[in-house]
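Just below is one structure, and these are the notes that go with it.
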Amino acid sequence: MVVTRFAPSPTGYLHIGGARTALFCWLLARHTGGTMILRIEDTDQKRNTPTATAQVIEDLRWLGIDWDEGPQVEGPNGPYFQSQRLDIYKKYTQQLLDKGKAYYCFDTPQELNEMRDSAQKEKRNFLYPRPEKFPDEADVEQARAEGRPVVIRCCMPNEEITVSDIVRGEVKFGAGEFSDFIIQKSDGYPTYHFACVVDDELMKVTHVIRGQEHLMNTPCHIALQRALDFGTPNYAHMSVTISEGGGKLSKRERGKALKKAIKEKPELDKDELASIGKVAIDELEKFLKGKAQIEQENITILAEHLGVHLPEINIVDFFQSGYLPEAMVNFISLLGWSTGDDREIMEIDELIKAFDVTRFAKTNSLFDRKKLLSFNTEHMKMVDKDVLVRHFKKYLAAVNSPMKDAEDGMLKTILTINEGTKTLEAVEQKSRFLFLVDDAIEYDEKAVKKVLLKGDGLAMLQIVRDRLGALEELTEQAIENMLRGLAEEKEVGLGKVAQPLRVAICGNTVSPPIFNSIELLGKETALKRIDITLSRFRNR
RNA sequence: GGUCCCAUCGUCUAGUCAGGUCUAGGACACCGGGUUUUCAACCCGGCAACAGGGGUUCGAAUCCCCUUGGGACUACCA
């Protein structure tokens with residue numbers, strides 16, 4: 001029976017890397033009919049934020065990743081928040097202490113730093129100097145009384161440790177390479193290494209799938225397992241996904257993009273920017289010089305103000321950019337994994353069926369947004385229409401679109417006539433004119449000049465208006481017949497007839513197919529918009 | 001600095017473990033053409049890679065060594 005777990009630390013929204021780890025764990029569990037556990041690793045009191053768990057859960061749910069044990073569903077091996085398992089960890093640290101496999105330390109951060117610095121100077125690996133005699137309870141009391149930090153370290157055995165990894169094979173680590181590491185912090189919380197090992201054992205986890213950044217930690221975990229008489233799960237350390245700029249896919253990317261955009265427009269008033277972005281002017285200057293970071297929120301505000309498209313990093317960013325979870329899941333699954341045949345575009349069931357842990361790639365991969373976009377375009381066509389409507393509604397509400405209160409039937413029609421559009425965002429942008437108040441249409445200058453003012457665009461629009469008004473029923477077919485007939489009659493291309501009409505009803509040259517657009521708009525509105533357009537531009 | 005991992009088109013990758021069927025396959029991007037009422041979508045075609053050097057072998061993308069390049073870790077963060 002396979003048991004996998006995704007164990008995020010709640011420090012913010014779920015990012016691509018986390019989603020990838022979660023997805024593969026989930027895929028393995030679902031492929032094998034095993035169990036998927038969600039465990040919240042909230043042992044860092046400083047970094048955890050109260051809302052992060054909820055954010056991560058929401059992102060997972062959006063992606064369609066569910067779990068059999070964990071928050072909200074519970075299960076036999078709970079609690080699933082590490083902060084609620086402190087007594088369990090205490091029991092095992094005590095066990096190690098009793099066996100002489102762990103010991104107390106009282107070093108201050110400064111002392112530790114000095115030791116590290118001198119090791120660095122001598123160009124050797126820092127190994128914590130294990131005392132001849134371990135401190136006893138009395139020493140602990142005394143250290144506490146002196147106000148020194150009290151931590152517990154685990155003894156690393158002086159022997160070679162081999163990690164047997166599904167992705168990388170046997171990886172050997174030499175004896176004496178590892179320092180005695182801390183398993184219990186001075187605040188009484190366990191460190192990641194310790195909590196992780198204990199929980200994986202108690203929760204009967206059989207497969208640990210995680211990023212390769214953890215490969216170096218694994219010998220420590222194995223040492224801990226041996227000291228505690230635990231088993232060793234199967235490990236799969238996946239390659240890392242890096243961003244297009246190189247380096248880790250991280251929030252910093254967003255700052256970089258904003259910085260670049262601002263630098264490209266030297267005419268911008270920095271003081272004004274600072275006030276808009278709600279940052280101090282000197283902070284902004286520092287940020288632009290690359291000497292400091294500013295908060296994500298401020299970055300977002302400034303980017304919106306400048307119309308800069310920030311790279312999406314977190315799963316929510318992709319949601320807000322109109323991506324489909326089906327596409328995200330499909331695309332992420334192909335980051336460092338493949339089916340072995342030429343299949344790429346897959347629905348989730350096919351993915352589950354095809355999943356095979358032994359097919360992970362060893363090389364790091366770059367996150368290619370263009371390919372993601374293409375995947376999204378494909379899934380926009382594939383996803384069941386009703387499901388698509390659901391995604392669309394959620395998206396519209398999140399971005400507070402004027403379309404957000406539209407009926408399902410209407411949304412379905414809009415999605416249908418927009419088939420081939422790359423994202424929900426693009427559908428929204430192309431179709432929102434249908435929901436604006438008639439005189440709220442913003443005319444794109446270029447479109448007006450090119451289509452209405454140049455040549456006889458306005459004259460043509462007048463004719464179209466008259467014929468449209470004469471139609472009894474504005475069906476797609478009737479509109480098409482009328483427009484095509486008109487074009488033929490005037491011996492011009494359909495574009496000459498349709499484009500002025502398009503600009504009149506939506507303000508620019510881009511919209512869903514014109515026949516559908518007019519039908520959806522309705523006769524009254526369509527005529528009204530044409531009239532508004534005519535009177536507005538006739539005398540220019 | 002130390003330890004560990006990795007190396008095929010611009011990008012994601014198949015092929016590597018069990019060497020020949022690889023004049024290296026697919027996808028995205030890009031370029032050219034077609035279709036077209038706009039933007040897309042769609043159809044056809046094209047460009048494009050085994051990091052370098054040594055071995056082993058009848059034969060190497062595939063096995064071994066070195067070089068180079070990339071990455072991870074080196075916390076009382078996970």
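Any value given below was found using the heavy atoms of this structure, including those in side chains, with hydrogens, waters and symmetry copies removed. Computed from a prediction, not measured in an experiment: that's the story for all the values here.
If you measure from atom CE of A:M115 to atom C1' of B:U74, you get 16 Å, rounded to the nearest angstrom. Rounded to whole Å, atom C1' of B:A41 lies 9 Å from atom CD of A:E378. In this structure, the NZ atom of A:K371 is 13 Å from the P atom of B:G26, given to the nearest Å. Summarising the geometry, the separation between CZ on A:F360 and C1' on B:U13 is reported as 15 Å, rounded to the nearest angstrom. At whole-Å resolution of the value, CD in A:E160 and C1' in B:C4 are 13 Å apart. Between the C1' atom of B:U13 and the CG atom of A:N330 lies a distance of 14 Å, rounded to the nearest Å. The separation between A:R359 atom CZ and B:U13 atom P is 12 Å, rounded to whole Å. One can place CG of A:L373 at 13 Å from C1' of B:A41, the figure rounded to the nearest angstrom.
Residue contacts for A:R210: at a heavy-atom cut-off of 4.0 Å it reaches no nucleic acid atom on any strand shown. Nucleic acid contact for A:Q429: none, since no nucleic acid atom lies under 4.0 Å from a heavy atom of the residue.
Distances from the side chain of A:L366 to the nucleotides B:A72, B:G1, B:C12 place B:C12 closest. In this structure, of B:U8, B:A41, B:A72, it is B:A72 that holds the atom nearest to the side chain of A:M216. Listed candidates were B:G71, B:C4, B:C42. Nearest to the side chain of A:L215 is B:C4. Candidate nucleotides B:C6, B:C28, B:U13 were compared by shortest atom distance to the side chain of A:S365, and B:U13 ranks first.
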Show each protein N/O and nucleotides 16-25 of chain B N/O combination with a separation under 3.5 Å, one pair to a line.
none

Which protein N or O atoms sit under 3.5 Å from an N or O of nucleotides 35-38 of chain B?
unit_1 : atom_1 : unit_2 : atom_2 : d
B:U37  : OP1    : A:R484 : NH1    : 3.4
B:U37  : O2     : A:R502 : NH2    : 2.5
B:U38  : O4'    : A:Q499 : OE1    : 3.2
B:U38  : O4'    : A:Q499 : NE2    : 3.4
B:U38  : O2'    : A:T509 : O      : 2.7
B:U38  : N1     : A:R502 : NH2    : 3.3
B:U38  : O2     : A:T509 : O      : 3.4
B:U38  : O2     : A:S511 : N      : 3.0
B:U38  : O2     : A:S511 : O      : 3.0
B:U38  : N3     : A:R502 : NH1    : 3.3
B:U38  : N3     : A:S511 : O      : 2.7
B:U38  : O4     : A:P513 : N      : 3.3

N/O to N/O distances under 3.5 Å, protein versus nucleotides 75-78 of chain B:
unit_1 : atom_1 : unit_2 : atom_2 : d
B:A75  : OP2    : A:R116 : NE     : 3.2
B:C76  : OP2    : A:R116 : NH2    : 3.4
B:C76  : O2     : A:S186 : N      : 2.7
B:C76  : O2     : A:S186 : OG     : 2.7
B:C76  : N3     : A:S186 : OG     : 3.1
B:C76  : N4     : A:D107 : O      : 3.1
B:C77  : OP2    : A:K185 : NZ     : 3.0
B:C77  : O2'    : A:D44  : OD2    : 3.1
B:C77  : O2'    : A:R47  : NE     : 3.4
B:C77  : O2'    : A:R47  : NH2    : 3.4
B:A78  : OP1    : A:T43  : OG1    : 2.9
B:A78  : OP1    : A:K185 : NZ     : 2.5
B:A78  : OP2    : A:Y192 : N      : 3.2
B:A78  : O3'    : A:E41  : OE1    : 2.8
B:A78  : N6     : A:N217 : OD1    : 3.4

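Under 3.5 Å, the side chains of A:R502 and A:S511 contain a donor-acceptor pair of N or O atoms. Looking only at atom types and distance, the side chain of A:Y89 has a donor-acceptor partner in the side chain of A:D199 under 3.5 Å away.
Residues A:Y395 and A:E425 form a side-chain contact, since some pair of their non-hydrogen atoms from C-beta on lies under 4.5 Å apart.
Applying side chain to side chain donor-acceptor pair (under 3.5 Å) to A:R210 and the options A:T218, A:T21, A:N217 leaves one that passes, A:T218. When each of A:F367, A:F318, A:W337 is checked for a ring pair (Phe, Tyr, Trp, His ring centres under 6.0 Å) with A:F331, only A:F367 meets the rule.
A gap of 34 Å separates the C1' atoms of B:C39 and B:G25, to the nearest Å. Annotation: B:U67 and B:U57 have their P atoms spaced 23 Å apart (nearest Å).
For OH of A:Y13, the number of neighbouring non-hydrogen atoms (other residues, nucleotides, ligands) closer than 6.0 Å is 12 at most. Counting non-hydrogen atoms of other residues, nucleotides and ligands closer than 6.0 Å to CD of A:E489 gives a total above 12. No more than 12 heavy atoms of other residues, nucleotides or ligands lie within 6.0 Å of CZ in A:R144, so this atom counts as exposed by the packing criterion. Counting non-hydrogen atoms of neighbouring residues, nucleotides and ligands closer than 6.0 angstrom, the NZ atom of A:K450 reaches no more than 12 such neighbours. More than 12 heavy atoms of other residues, nucleotides or ligands lie within 6.0 Å of CD in A:Q94, so this atom counts as buried by the packing criterion. Environment of NZ in A:K381: crowded, with over 12 heavy atoms of neighbouring residues, nucleotides or ligands closer than 6.0 Å.
Nucleotide B:U57 has no partner under the Watson-Crick or G-U criteria, as no pair reaches both atom distances under 3.5 Å. When both pairing distances are held under 3.5 Å, B:G19 makes no Watson-Crick or G-U pair with any nucleotide shown. Taking a pair to require two hydrogen-bonding distances under 3.5 Å in either a Watson-Crick or a G-U wobble arrangement, B:U11 pairs with B:A27. In a base pair of the Watson-Crick type (N1 to N3 plus N6-O4 or O6-N4) or a G-U wobble (N1-O2 and O6-N3), with each distance short of 3.5 Å, B:C73 is matched with B:G2. For B:C42, the paired nucleotide is B:G34, the pair qualifying as Watson-Crick or G-U wobble because both relevant distances are below 3.5 Å.
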In residues 181-188 of chain A, what donor-acceptor pairs under 3.5 Å come from side-chain atoms, sequence neighbours left out?
unit_1 : atom_1 : unit_2 : atom_2 : d
A:K185 : NZ     : A:T43  : O      : 2.9
A:D187 : OD1    : A:Y189 : N      : 2.9
A:D187 : OD2    : A:Q45  : NE2    : 2.9

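Only A:V171, A:K172, A:F173, A:E177, listed by number, bring a heavy atom of residues 169-178 of chain A to less than 4.0 angstrom from any atom of RNA chain B.
Taking the salt bridge (charged side-chain N to carboxylate O under 4.0 Å, His left out) definition, one finds that A:R465 meets it with A:D531, sequence neighbours left out.
The base of B:A40 is not paired with the side chain of A:K422 by any donor and acceptor separated by under 3.5 Å.
Contact annotation: A:T421 does not reach the phosphate of B:A41 (side-chain N/O to OP1 or OP2, under 4.0 Å).
By the 30° and 60° cut-offs, the orientation of the rings of A:Y104 relative to A:F106 is parallel.
Note that CD1 of A:I40 and OG1 of A:T53 are 4.5 Å apart. Values are rounded to the nearest 0.5 Å.
Taking the six-membered ring where the residue is Trp, the centroids of A:H237 and A:Y235 are separated by under 6.0 Å.
Nearer to the 5' terminus of RNA chain B, by closest-nucleotide assignment, is the contact made by A:A361 (compared with the other of A:E419 and A:A361).
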